[in-house]
2 protein chains.
Amino acid sequence: MKEELKSLFAEIVGLNNVIDDPALFGPYTDDFTDHYVSKPLAVVRPSTTEQVSKIVKLCAQYNVPIVTQGGNTSLTGAATTYRPDAEIVLSMTKMKNVIDADPLSDTLTVQAGMTLAEVHEAAESVNRFFPLSFAAEGNATIGGCCACNAGGVAVLRYGTTRDLVLGVEVVLPDGRIYNGLRRLRKDNTGYDFKDLFLGSEGTIGIITAVVLKLFPAAKEKETAFCCLNSIQDAGKLLNRFKMKAGSSLTAFELISDLPIERVKKYLSDIEVPPLSDSPWKVLVELSLEKKPQESMMEHILEGAFEDGEITDAAIASSLQDSHTFWHVRESIPLADRTAGGSIHSDVSLPISLIPEFVEETSAMLLSAYPWLGLSIYGHLGDGNLHFNFVSPEDPGATYRNEEGIREILYSQVNKFEGSISAEHGIGMLKLDHNYQFKDPLEIEMMRKIKNAFDPKGIMNPGKLLKTE
Amino acid sequence: MKEELKSLFAEIVGLNNVIDDPALFGPYTDDFTDHYVSKPLAVVRPSTTEQVSKIVKLCAQYNVPIVTQGGNTSLTGAATTYRPDAEIVLSMTKMKNVIDADPLSDTLTVQAGMTLAEVHEAAESVNRFFPLSFAAEGNATIGGCCACNAGGVAVLRYGTTRDLVLGVEVVLPDGRIYNGLRRLRKDNTGYDFKDLFLGSEGTIGIITAVVLKLFPAAKEKETAFCCLNSIQDAGKLLNRFKMKAGSSLTAFELISDLPIERVKKYLSDIEVPPLSDSPWKVLVELSLEKKPQESMMEHILEGAFEDGEITDAAIASSLQDSHTFWHVRESIPLADRTAGGSIHSDVSLPISLIPEFVEETSAMLLSAYPWLGLSIYGHLGDGNLHFNFVSPEDPGATYRNEEGIREILYSQVNKFEGSISAEHGIGMLKLDHNYQFKDPLEIEMMRKIKNAFDPKGIMNPGKLLKTE
């Protein structure tokens, strides 16, 4: 980096927060794709919104693009550099303060660099609950969750990040600060900028602080693992739970038999509940305000068993049991990676079409690639499947055929009116596919927004939209 | 209207759907403000999205502005003409078809001209429930609800219109059709246009169809009217219900004593439950999946009584009782209008600040206008108050002092970090006040969006943004 620019950054954040020695870039280069590696001009680490504002003004003046980075857990290359040696990485990890905790309003206002796990702790410290949750929550920052509108395991009841954020503070591409940190449930005084910035992957501004919605924590949980003969039955079972349990239904995770077999095979320390063989399993959870006099879970599953929707079920009899069940679900990505040749996807579909989609798409894929291992699981209650692939016999086979595999999968998603990215975002990984399947009019509309806010194109280039 | 333009519109929608005789404008001129009256060039009534598209292309070509109109229930002058004899009213009331009902996906796709009551019926016909609800639902169209992001009585549990819409179809200001009718719970493939169009009051496009979220209907309800000594106790009671009832809490409506006295005085046919005198009342409702073995409402209210948060309560013992209770709440606006000199507002605040806000603001208003009748009620659970005013002795007094009254109220809202429009929107009524209190940077950002989508300014001029 030019010494002049370096000293200007150092004036803002101090010399020890401007890292331009590539030997020290380590913690700021990778993400969870194992594919993209940043080669920044420098890593700059602000502590305050005002510092972010000054950095952005400087970058705008010098035409230096900015990659805003949280916890390095992107699954799409959304927070790594696009052009080597030309962009700075703006690490948000020093911005970790609680700005305001207001349990009576059920709000928590925090800086964007706080990890999701730290947000959970801050909510618990005022006797409240923040529902967003997923495996990487120890590293992922709340700002990163906002930038890609993260999903996770509690969407069925509480929605995605978008639904859990009331307001945002954003440093705009010219360095000015938009203060939308409102603790309001209702505000109809203009265009909805909060939702425009959420999911925009840092391409039109830098989210520096957020107001989060808090909830009272549910006091009781009932968890069960069910065995099913068909994915059609999974759809029926989901409908049964929705009708009988209403808003008490907080998770409904579908898992095909292969990933569970792989957990058993490759992760022998994971305890898998003793369930009978079946092509599909469902992990279902109810959250209740108080312990019912008779188990709601048992009552619903009895009906499902009588109607032939399930063939077997294990109900957690303790919190420990429940953790064991969830641990199986959460270990699937690791089991897939251990099996070898793992490539993942993150698609969503209208829930009613999922059985037909899965059957038709599986058949097409296995017809084209008979050796392919399908690892199908996901949040059926949200219509979100991780339709993943492994090839334990020849780990290179999936990678060599990745384009063909994705072509079949995404064409089918398109045919069934789905989305090629339910919760991970686009980043660099899915940029070409997004242009392939998205209506060109919508790309044009996105371009209008980008040009209106970031005419110089210095905000996270090469992500979500192609650079012009 | 020029005969040429008239015949071009008639080619699109048929001659009987182009009304240019002012004697026939009647059903298309007013709204609920009793203040704004449309003077259109013509009223044009399309039946399909393609017709809307053609009309907009024609208007773009001839530079004729378009006021999109639903059920004429705007409370802010958002759907009446800005300049007389220069704009067309595009009435959506013929666009009433159900496009798709998908109960397994919990979605309902409808044209935008369907009334909210008709949407309720369509949801019920597939054994589901659409929660958005307010007094004008028999006339208000779902498209109008989307355009102003309507709220209502179920926001505490289900959110505003924004939270209940999954996708939109929009005719853009150049006449092209954006098809975002996705039945997906999760879709992270680009900027969030759905939320950009929602709440935009017809200023950047015309919402022609929407995908709505459906829910299983709660099977049991418990409703109670409580008496409280102070608004501080109302805050405590709300917190108690949130902690004890969680997501079963579906309404928490605060009402001061004066509006209830006015219902008794001016609407003698309304049955008011016999409750002891108290400065504040709360109407609270729980929705449950099944009838509990012991009443959750009784249990919670017993604790509240023991802790001195309430002084008296009436619990509905039948559905009829519950309707009686709600009828009192819903009759307040009529009682205020009957009392005379009614002016209304629609503000929101951080819930924790409401007691202090109400006490301080009431004192300031009564100090400036000792004769002023305060009619304070609203959705406390959403932080949304209808802080209204009457002057039964001299109905003209409120109107003569409206600007001063609003100045005090809105300055206080601003001081307490609230919003001057929680659920009604801005329209023409609140345009000046919105410019007065909103950060100029946010107005500038709104202008960027408006210019990017509607550079000719033909979409609902004079609403939400000032015409340039």
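Since the structure is predicted, the reported quantities are computational estimates derived from the model, not experimental observations. Letters A, B, ... are given to chains in the order of the sequence lines, protein chains preceding strands, and every chain is numbered from 1.
Contact annotation for Val155(A): only side-chain heavy atoms (C-beta onward) come within less than 4.5 Å of a heavy atom of chain B. Looking at Asn434(B), only its side chain comes within 4.5 Å of chain A, counting heavy atoms on both sides. Interface residue Asn149(A): backbone and side-chain heavy atoms are both found under 4.5 Å from chain B. Heavy atoms of Asp102(B) lying under 4.5 Å from chain A belong exclusively to its side chain. Contacts of Ala245(B) with chain A are made by backbone atoms alone, with heavy-atom separations under 4.5 Å and no side-chain atom involved. Proximity to chain A is limited to the side chain of Leu184(B), based on heavy atoms less than 4.5 angstrom apart. For Leu465(B), the part lying under 4.5 angstrom from a heavy atom of chain A is the side chain only. Ser200(B) touches chain A through backbone and side chain together, each having a heavy atom under 4.5 Å away. For Phe437(A), no part sits under 4.5 Å from any heavy atom of chain B, backbone or side chain. Both the backbone and the side chain of Lys242(B) come within less than 4.5 Å of a heavy atom in chain A. For Asp195(B), the parts lying under 4.5 angstrom from a heavy atom of chain A are both the backbone and the side chain.
Arg185(A) is not listed as a side-chain neighbour of His379(B), based on a closest heavy-atom distance of 4.5 Å or more. Put simply, the side chain of Glu417(A) does not reach to within 4.5 Å of the side chain of Leu181(B), judged on heavy atoms. In this structure, the side chains of Leu104(B) and Asn239(A) come closer than 4.5 Å at one or more pairs of heavy atoms. Considering only heavy atoms from C-beta on, Asn127(A) comes within 4.5 Å of Met243(B) through its side chain. Counting only heavy atoms from C-beta outward, the side chains of Arg157(A) and Ser247(B) approach each other to under 4.5 Å.
Salt bridge status for Arg182(A) with Glu442(B): present, with a side-chain N to carboxylate O gap under 4.0 Å.
Note on Thr107(A), Asn384(A), Thr160(A): by heavy-atom pairs under 4.5 Å with chain B, the leading option is Asn384(A). Per-residue counts of heavy-atom pairs under 4.5 Å with chain A were compared for Asp192(B), Ile351(B), Val347(B), Leu353(B); the largest is that of Asp192(B). With respect to chain A, the highest number of heavy-atom pairs below 4.5 Å among Lys236(B), Arg162(B), His424(B), Lys244(B) belongs to Arg162(B). Each of Ile449(B), Leu349(B), Asn451(B) has some count of heavy-atom pairs under 4.5 Å with chain A, and the biggest count is that of Ile449(B). Chain B forms the most heavy-atom pairs under 4.5 Å with one residue out of Ala452(A), Ser287(A), Gly235(A), and that residue is Ala452(A). In terms of heavy-atom pairs under 4.5 Å with chain A, the best-connected choice from Asp163(B), Ile420(B), Thr203(B), Leu198(B) is Thr203(B). Note on Leu288(B), Asp106(B), Leu238(B): by heavy-atom pairs under 4.5 Å with chain A, the leading option is Asp106(B).
Judged by distance alone, the side chains of Ser421(A) and Asn188(B) never bring a donor and an acceptor atom under 3.5 Å apart.
Minimum interatomic distance between Gly246(A) and Pro216(B) (heavy atoms only, all atoms of both residues): CA-CG, 4.2 Å. Residues Gly190(A) and Leu464(B) approach most closely at CA-CD1, 3.9 Å, considering heavy atoms.
In this structure, Lys430(B) NZ and Thr189(A) OG1 are separated by 9.5 Å, a value rounded to the nearest 0.5 Å. Summarising the geometry, atom CZ belonging to Phe193(B) is positioned 7.5 Å from atom CG belonging to Leu196(A); distances are rounded to the nearest 0.5 Å. Residue Ile204(A) holds its CD1 atom at 8.0 Å from CE of Met445(B), rounded to the nearest 0.5 Å.
Contact residues of residues 165-177 of chain B toward chain A are Leu172(B), Arg176(B), Ile177(B) (heavy-atom distance under 4.5 Å).
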Passes side-chain contact (heavy atoms from CB on, under 4.5 Å), Lys450(B) versus Tyr191(A)? Steps please.
CA-CA 9 Å; Lys450(B) 173 77 174 174; Tyr191(A) 300 139; 3.9 Å; yes
Before giving the answer on side-chain contact (heavy atoms from CB on, under 4.5 Å), spell out for Leu441(B) and Asn179(A) the whole-Å C-alpha distance, their side-chain angles and the decisive distance to 0.1 Å.
CA-CA 9 Å; Leu441(B) 175 59; Asn179(A) 180 356; over 6 Å; no
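Judged purely by atom type and a 3.5 angstrom limit, Lys448(B) has no side-chain atom pairing as donor or acceptor with the backbone of Phe453(A). Distance alone, capped at 3.5 Å, is enough to place a donor-acceptor pair between the Ser105(A) side chain and the Ser352(B) backbone.
The side-chain contact (heavy atoms from CB on, under 4.5 Å) test applied to Ala154(A) returns Pro131(A), Tyr158(A), not counting sequence neighbours.
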